[in-house]
Asks: 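Provided herewith is a single structure, encoded as structure tokens, for subsequent inquiry.
Only a predicted model underlies this, so the values are computations on that prediction, with no experimental measurement involved.
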Amino acid sequence: MKKFLMATAATALMAGSAFAGSHGNEVKLGVILGFTGPIESLTPAMAAGAELAMSEVSASGKLLGGATVTPVRADSTCVDAGAATAAAERLITSEGVKGIMGADCSGVTGAVLANVAVPNGMVMISPSATSPALTAAEDNGLFFRTAPSDARQGQVLAEILMEKGIKSVAVTYTNNDYGKGLADAFSAAYTAAGGTVTTTAAHEDGKADYSAEVGALAAAGGDALVVAGYVDQGGPGVIRASLDAGAFDTFVLPDGMIGSALEDNFGADINGSIGTVPGTESEGGSMMAKMIADAGIENGDGPYVGESYDAAALIMLAMQAAGSVEPGDYKAKIEDVANAPGEKIYPGELAKALEIIAAGGDVDYVGATAVELIGPGEAAGGYRQIEIKDGKMATVQYR
């Protein structure tokens, strides 16, 4: 699948030269994330991760005959599909981007995909949209993600709880595609493993008081409360109301709830609570951590920063493999550069990868998160198991 003829390599090099002369030597890539909204504390570091990859490629001078890559940011809001769609349309029609790193939250990602990316033939690689429903979305081969589906996260959470002897839980989820998909995936895996879900209830973000919702959850009971929400929105409100009422003191916190704001808001009050977020203990992870520290990226150890770097990197490596910046040309190369066979490529090695591809060789992009794409455009992925200890998020193990 990944064997390129030398003639193809020569064609790619000629295309790169033509590109450099006729396109002003600049490629624009969209970075569409929720810079406002329920995950706004997470997205600056995610954007910085993606832009780190773009800067690395630009500095190398090795993309398609010396092209530079310019990021163009847009606000998905995470929750407003109309605003996200308008932002994506601007990226394509006004800014002329040739690929989109994003979107972030599942609902707006699905809206952008259906209403903007597919009609315009635009490649999207999301670092964080995890709804299982996106697996079956009609995408014309344009949509990929570097974070695994919540179908997998639900299984991991269920395994952790059963291992810890937590045999019954109440579940609350933010009332959107992400929350519903994750709650369903978790509940199915947990009950199949022998656990009991006492009740499942949606919560609306943006409320000042969640005591009524917590009262209903407490009435159903359970050893812990699963909060499939957002760390900058209703999720913390549910936790605070639970603590104030003495309803629950142990919380199960999927990826949308993992962030520094969790420590800031609750500290030791939620000691013993459990969380999961995509992550890996691969060599690439430690290399990425050093790059982030060297770049001075604030909150660079937060969720989805490595996935964002990897998403941007895959777009650029696929362009090199296709000898073209046009999404219709390079979309078929994304899985090729992401998977074996080929020389393994880690963070900070994008120049090396571009050289190998230009010479007609193969690369297996491992990146920051041990990227492995499985059809259609899905990330196999792993998870970091977190426990709140002494008011801090501590990594227990990787799964």
Asks: Checking the side chain of Thr172 only, and the main-chain atoms of Ala201 only, is there a donor and an acceptor separated by less than 3.5 Å?
Replies: yes
Asks: Taking it one step at a time, do Val366 and Glu283 satisfy side chain to side chain contact (heavy atoms under 4.5 Å, CB included)?
Replies: CA-CA 9 Å; Val366 178; Glu283 180 181 352; over 6 Å; no
Asks: At their closest point, which heavy atom of Thr250 faces which heavy atom of Asp223, and how far apart are they?
Replies: CB-O, 4.2 Å
Asks: Tell me, do Met257 and Phe251 make a side-chain contact under 4.5 Å, heavy atoms counted?
Replies: no
Asks: Mind listing the closest non-hydrogen atom pair of Cys78 and Val108 along with its distance?
Replies: O-CG1, 3.3 Å
Asks: Given Val57, which partner from the list Leu63, Ile315, Thr68 fulfils the side chain to side chain contact (heavy atoms under 4.5 Å, CB included) test?
Replies: Leu63
Asks: Mind telling me whether Tyr230 and Tyr178 have parallel, tilted or perpendicular rings, with 30° and 60° as the class edges?
Replies: parallel
Asks: Could you check whether Gln153 and Thr276, counting side-chain N and O atoms only, form a donor-acceptor pair closer than 3.5 Å?
Replies: yes
Asks: Please check if Val123 and Leu354 belong to a single hydrophobic cluster, counting links between Ile, Leu, Val, Met, Phe, Trp and Tyr side chain heavy atoms closer than 4.5 Å.
Replies: yes
Asks: Is the shortest side-chain N to carboxylate O distance from Glu349 to Lys344 below 4.0 Å?
Replies: no
Asks: Under a plain distance cut-off of 3.5 Å, with no hydrogens placed, do Glu307 and Ser128 share a side-chain donor-acceptor pair?
Replies: no
Asks: Ignoring hydrogens and geometry, is there a side-chain-to-backbone donor-acceptor pair from Asn140 to Val118 under 3.5 Å?
Replies: no
Asks: Check each of Ile356, Asp336, Leu350 against Val363 using the side chain to side chain contact (heavy atoms under 4.5 Å, CB included) test, and report the only one that passes.
Replies: Ile356
Asks: Please check if the side chain of Gln233 supplies one atom and the backbone of Gly206 the other of a donor-acceptor pair under 3.5 Å.
Replies: yes
Asks: Taking all non-hydrogen atoms of both residues into account, name the closest pair between Phe248 and Gly222 and its distance.
Replies: CE2-O, 3.8 Å
Asks: So, taking the atom named CG in Asp310 and the one named OG1 in Thr369, what distance separates them when rounded to the nearest 0.5 Å?
Replies: 3.5 Å
Asks: Under 6.0 Å from the NZ atom of Lys28, do we count more than 12 heavy atoms belonging to anything else shown?
Replies: yes
Asks: Does any non-hydrogen side-chain atom of Thr130 lie less than 4.5 Å from one of Tyr304?
Replies: yes
Asks: Would Ile239 and Leu253 count as a side chain to side chain contact (heavy atoms under 4.5 Å, CB included) here? Give the steps.
Replies: CA-CA 10 Å; Ile239 293 175; Leu253 306 168; 3.9 Å; yes
Asks: Grab the two heavy atoms, one from Ala338 and one from Leu314, that are nearest each other, plus how far apart they are.
Replies: CB-CD2, 3.8 Å
Asks: Do Arg240 and Tyr210 come close enough that some side-chain heavy atom pair is under 4.5 Å?
Replies: no
Asks: If you round to the nearest 0.5 Å, how far is NZ of Lys290 from CD1 of Ile292?
Replies: 12.0 Å
Asks: Between Asp150 and Pro132, is there a donor-acceptor pair closer than 3.5 Å when you use the side chain of the first and the backbone of the second?
Replies: no
Asks: Would you say the side-chain atoms of Tyr383 pair up with the backbone N or O of Thr280, donor to acceptor, closer than 3.5 Å?
Replies: no
Asks: What's the separation between atom CD1 in Ile125 and atom OG in Ser308, rounded to the nearest 0.5 Å?
Replies: 11.0 Å
Asks: State plainly whether one hydrophobic cluster holds both Tyr173 and Tyr190, where clusters connect Ile, Leu, Val, Met, Phe, Trp and Tyr through side-chain heavy atoms under 4.5 angstrom apart.
Replies: no
Asks: Out of curiosity, does Val305 fall in the hydrophobic cluster containing Tyr346 (side-chain heavy atoms, cut-off under 4.5 Å, transitive links)?
Replies: no
Asks: Can you confirm whether Leu113 sits close enough to Met124 that some side-chain heavy atom of one is under 4.5 Å from a side-chain heavy atom of the other?
Replies: yes
Asks: Within the supplied structure, the quantity of interest is the number of heavy atoms (other residues, nucleotides, ligands) at a distance under 6.0 Å from Asn265 CG; does it exceed 12?
Replies: yes
Asks: Quick check on the hydrophobic clustering: are Val252 and Val277 connected, directly or via other members, by side-chain heavy-atom contacts under 4.5 Å?
Replies: no
Asks: Among the clusters formed by ILVMFWY side chains lying less than 4.5 Å apart, do Leu317 and Met291 turn up in the same one?
Replies: yes
Asks: Quick one: does Ser94's side chain have a donor or acceptor within less than 3.5 Å of a partner on Leu91's backbone?
Replies: no
Asks: Please assess Arg399 against Ile160 for the test side chain to side chain contact (heavy atoms under 4.5 Å, CB included), listing each intermediate value before the final yes or no.
Replies: CA-CA 10 Å; Arg399 292 175 179 259; Ile160 294 170; 3.4 Å; yes
Asks: Using side-chain heavy atoms (C-beta onward) and a distance below 4.5 Å, is Val116 in contact with Met122?
Replies: no
Asks: How many angstroms lie between CG in Leu42 and CD1 in Ile258, if you round to the nearest 0.5 Å?
Replies: 10.0 Å
Asks: Report the C-alpha separation of Asp255 and Leu182 in whole Å, then their side-chain angles, then the decisive distance to 0.1 Å, and conclude whether the side chain to side chain contact (heavy atoms under 4.5 Å, CB included) test is met.
Replies: CA-CA 10 Å; Asp255 57 331; Leu182 178 52; 4.3 Å; yes
Asks: Does Pro127 reach the side chain of Tyr309, with side-chain heavy atoms less than 4.5 Å apart?
Replies: no
Asks: Just by distance, do the side chain of Thr199 and the backbone of Leu217 share a donor-acceptor pair under 3.5 Å?
Replies: no
Asks: Of all heavy-atom pairs between Val214 and Ser242, which one has the smallest distance, and what is that distance?
Replies: CG2-OG, 3.5 Å
Asks: Does a sphere of radius 6.0 Å around CD in Glu163 hold more than 12 heavy atoms from other residues, nucleotides or ligands, not counting ones at 6.0 Å or beyond?
Replies: yes
Asks: Measuring only between side-chain heavy atoms, which start at C-beta, is Val97 closer than 4.5 Å to Leu29?
Replies: no
Asks: Within the distance-only criterion (no hydrogens, no angle test), does the side chain of Asn175 pair as donor or acceptor with the backbone N or O of Glu204 below 3.5 angstrom?
Replies: no
Asks: State the CZ-CD1 distance between Arg90 and Ile92, to the nearest 0.5 angstrom.
Replies: 11.0 Å
Asks: Glu378 vs Ser149, test: side chain to side chain donor-acceptor pair (under 3.5 Å). Steps then yes/no.
Replies: CA-CA 7 Å; Glu378 296 282 292; Ser149 164; 4.6 Å; no
Asks: Answer whether the closest heavy-atom distance between the side chains of Asn271 and Lys389 falls below 4.5 Å.
Replies: no
Asks: Taking Gln320 for its side chain and Leu64 for its backbone only, find out whether a donor-acceptor pair lies under 3.5 Å.
Replies: yes
Asks: Nearest 0.5 Å please: distance from the CE atom of Met101 over to the OG1 atom of Thr146.
Replies: 8.0 Å
Asks: Indicate whether any N or O donor in one side chain lies under 3.5 Å from an N or O acceptor in the other, for Asp177 and Ser131.
Replies: no
Asks: Does any donor atom in the side chain of Ser76 or Asp104 lie under 3.5 Å from an acceptor atom in the other side chain?
Replies: yes
Asks: Hey, does the side chain of Asn339 reach the backbone of Glu372 with a donor-acceptor pair shorter than 3.5 angstrom?
Replies: no
Asks: Identify the two heavy atoms, one from Leu142 and one from Ala117, that lie closest to each other, and give their separation to 0.1 Å.
Replies: CD1-O, 3.8 Å
